[in-house]
Amino acid sequence: RVDSQGAVTVSALDSIATRNLTGSAQLSGSAAVGAAVAYTLSNARVNAEVDATVRAASLSATAKSKALNGEPAVKVESYTGAAGFAAGIGAAVSVADMNNMIGVNLGGDQQYVNALSATAEDTLGLAVKADGAALGAVAAGLVIGTGLRDSTVGVKVESGSSLTANGIGLSANGAGSLSVDTVGAASGLFAAGTAVAALGIDSTRVTTEVGDGATLDGKAGGVTVLASAAPQIDVSAIGASVSAGAGVGASYARAEGSTRVTAKLGNAVDIKGTGGLKVAAKLDNQRSGNEVDPDEAAVRARSVAGSGGLYFSANGSVAEAVNSSVVSATTGTDLKLPSGRVEIDARSETQQYAEATGIAVGGLAVGASVAEARSTTTTEAKLGDRANDRQGTSLLTDLVISADGEDINQAKSIAGSGGLVAGNATIARTRTTGNVYAEIGKAVDIAAGSLALTAKFNALYGTHANSVNAAVVGGSGAGSDNEV
């Protein structure tokens with residue numbers, strides 16, 4: 001038991017900054033072979049818990065993870081260079097794997113004169129970079145960068161708990177960044193080849209939850225249950241190969257986001273007071289203004305491949321930006337509502353951008369570029385079955401249930417080729433799948449001054465495909481496709 005005349009503060013904070021840097025350089029009169037590999041595994045476990053009988057003026061419970069400085073918390077870099085008279089062969093590989101679990105748990109019987117605030121937040125980011133260069137009569141390079149970010153953030157009120165305060169605010173937020181940048185180059189007298197790959201995957205789960213049978217009395221300050229996420233993923237792969245004989249290259253970039261944002265009340269939850277109730281879940285793309293700017297996309301993938309060979313040149317460039325998300329603000333069955341404004345709001349805003357560029361020049365030159373941006377989203381707001389206003393003793397001014405989804409998908413693909421015999425193809429495509437639900441359950445018994453039930457979905461998409469060819473004998477093609 002805790003008894004205090006003043007404020008109670010419970011805080012858990014994790015601040016980190018790491019850098020993993022590897023490099024290799026080889027110089028040989030015959031063959032030079034080398035590699036640089038960097039790997040970092042980061043696990044953050046941060047938890048703040050108040051599960052007791054408490055009588056105090058106020059409570060502030062926080063659990064946060066953040067970078068020690070303004071830069072990404074985890075940096076992984078690898079650099080390699082190989083130059084040999086006969087052959088130069090090099091590889092650079094960078095991998096970062098981040099796993100975070102951040103949470104606040106509240107339980108027991110807690111009463112405060114003033115406000116109760118519980119906040120969990122994860123803003124840890126990671127940056128991956130890999131660069132490689134090879135030079136020789138025959139030159140070959142391999143560059144791979146991989147960033148994996150997994151984040152679980154939550155605020156939970158345990159089942160059967162009782163919380164009383166003049167204003168109860170529960171909030172969880174996930175807003176980390178992920179960037180992967182890879183560059184590869186090769187130059188060979190007879191032959192040169194590069195393969196460059198960049199992969200960035202972010203999996204974020206944010207949950208603010210009130211367990212079954214819990215009682216929350218927000219008095220005049222009301223009760224808010226908020227969950228939000230704003231992941232940022234930026235992936236880039238650039239490769240170039242040049243030779244007096246044959247030059248080939250391939251670049252692949254994939255940015256993938258998988259996000260679940262949940263704000264929910266369990267079954268038989270009792271919300272008391274006169275300050276109303278707000279249950280809100282939001283996925284934010286952090287776009288500023290009304291303009292649709294690809295540089296502000298939350299999920300970005302860029303791929304560039306360039307090749308040149310006096311006799312033969314070939315390349316392929318592929319970029320994929322993928323987003324899968326579920327955003328839900330819901331209440332369970334048999335919810336008892338307070339007086340004031342009651343709002344259940346689910347909002348999802350995503351933006352994906354993919355750009356692929358490929359240029360091939362040679363006696364015989366061929367190339368292909370593919371860019372694809374796609375999203376699959378579900379946005380749900382629901383008032384559960386048998387929600388009630390205590391047989392009219394709770395005076396609801398407004399009852400607002402809204403679900404709003406917006407997905408922006410853009411793809412740009414450019415292919416160019418030149419030579420005696422040359423050809424190329426380019427494809428840009430988008431795929432948008434969105435589901436939005438706003439629902440009032442069965443046997444709901446509520447009287448309110450106004451009622452609003454809205455569900456809205458907006459899909460914005462655009463593609464740009466450009467193919468340029470200059471040859472004595474040649475052909476080229478460009479295609480774009482949008483599907484909603």
Side-chain angles (χ1 to χ4, degrees), residues 147-151 174-180 198-206 227-236 252-262 281-288 290-303 318-329 345-356 370-381 402-413 427-438 455-465 480-484:
L148 306 174
R149 184 179 183 277
D150 189 280
S151 174
S177 64
L178 165 60
S179 67
V180 181
L199 174 64
I201 300 177
D202 181 283
S203 178
T204 297
R205 296 166 299 280
V206 181
S228 61
Q232 292 287 313
I233 310 165
D234 191 358
V235 175
S236 173
Y252 175 67
R254 180 182 176 92
E256 181 178 340
S258 176
T259 309
R260 187 176 185 94
V261 185
T262 305
K282 183 177 183 180
L283 172 59
D284 191 1
N285 61 13
Q286 296 187 334
R287 179 165 58 95
S288 61
N290 296 321
E291 296 295 327
V292 180
D293 185 354
D295 290 333
E296 292 188 337
V299 182
R300 295 188 299 270
R302 293 181 174 90
S303 175
V318 178
E320 294 179 300
V322 183
N323 195 339
S324 175
S325 64
V326 177
V327 179
S328 63
D345 181 48
R347 188 175 301 271
S348 173
E349 298 175 350
T350 76
Q351 184 177 357
Q352 293 66 235
Y353 177 68
E355 179 179 329
V370 178
E372 180 175 358
R374 66 180 185 267
S375 62
T376 303
T377 61
T378 299
T379 309
E380 178 187 18
S402 60
D404 191 346
E406 180 182 82
D407 294 332
I408 303 172
N409 288 298
Q410 297 169 292
K412 181 179 180 180
S413 183
I427 299 174
R429 58 179 173 239
T430 68
R431 298 289 186 267
T432 306
T433 303
N435 299 285
V436 179
Y437 308 95
K456 181 176 69 174
F457 179 72
N458 189 33
L460 301 176
Y461 54 87
T463 53
H464 174 94
S480 65
D481 181 27
N482 299 282
E483 181 178 306
V484 179

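The figures that follow rest on heavy atoms only: side chains count, while hydrogens, waters and symmetry mates do not.
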- prompt: Quick one: does Gln351's side chain have a donor or acceptor within less than 3.5 Å of a partner on Asp293's backbone?
  reply: yes
query: Which is it for Glu372 and Asn409 under the side-chain contact (heavy atoms from CB on, under 4.5 Å) test, yes or no, and what are the steps along the way?
result: CA-CA 9 Å; Glu372 180 175 358; Asn409 288 298; over 6 Å; no
query: Are side-chain N/O atoms of Arg205 and Ser203 paired as donor and acceptor at under 3.5 Å?
result: yes
message: Go through it in stages, so that I can follow the logic: the residues are Glu320 and Arg374, the test is side-chain contact (heavy atoms from CB on, under 4.5 Å), and I'd like the CA-CA distance, side-chain angles, deciding distance and then a yes or no.
response: CA-CA 8 Å; Glu320 294 179 300; Arg374 66 180 185 267; 3.9 Å; yes
message: According to side chain to side chain donor-acceptor pair (under 3.5 Å), who are the partners of Thr259, at least two apart in sequence or on a separate chain?
response: none
field: Which atom of Ile233 lies closest to which atom of Glu256, heavy atoms considered
entry: CD1-O, 3.3 Å
- request: Go through the steps for Asp404 and Lys282 under the test salt bridge (Lys or Arg N to Asp or Glu O under 4.0 Å), then give the verdict.
  value: CA-CA 10 Å; Asp404 191 346; Lys282 183 177 183 180; over 6 Å; no
task: Specify the closest pair of heavy atoms between Val436 and Gly405, including all atoms of both residues, with the distance to one decimal.
output: CG2-N, 4.2 Å
Inter-residue atom distance Thr430.OG1 - Asp407.CG, 0.5 Å rounding: 11.0 Å
- prompt: Using a distance-only test with no angle check, is there a side-chain donor-acceptor pair under 3.5 angstrom linking Tyr353 and Glu296?
  reply: no
task: Report the C-alpha distance between Thr377 and Phe457 in whole Å, list the side-chain angles of each, state the deciding distance to 0.1 Å, and finish with yes or no for side-chain contact (heavy atoms from CB on, under 4.5 Å).
output: CA-CA 10 Å; Thr377 61; Phe457 179 72; 4.2 Å; yes
task: Supply the atom-to-atom distance Asp202 CG to Gln232 CD, rounded to the nearest 0.5 angstrom.
output: 10.0 Å
field: Short side-chain to backbone donor-acceptor contact, Arg300 and Asp295, under 3.5 Å
entry: yes
- request: Compare every heavy atom of Ser325 with every heavy atom of Thr350, then report the nearest pair and how far apart it is.
  value: CG2-OG, 4.2 Å
field: Residues Thr204, Ser151; criterion side-chain contact (heavy atoms from CB on, under 4.5 Å); working and verdict
entry: CA-CA 5 Å; Thr204 297; Ser151 174; 4.3 Å; yes
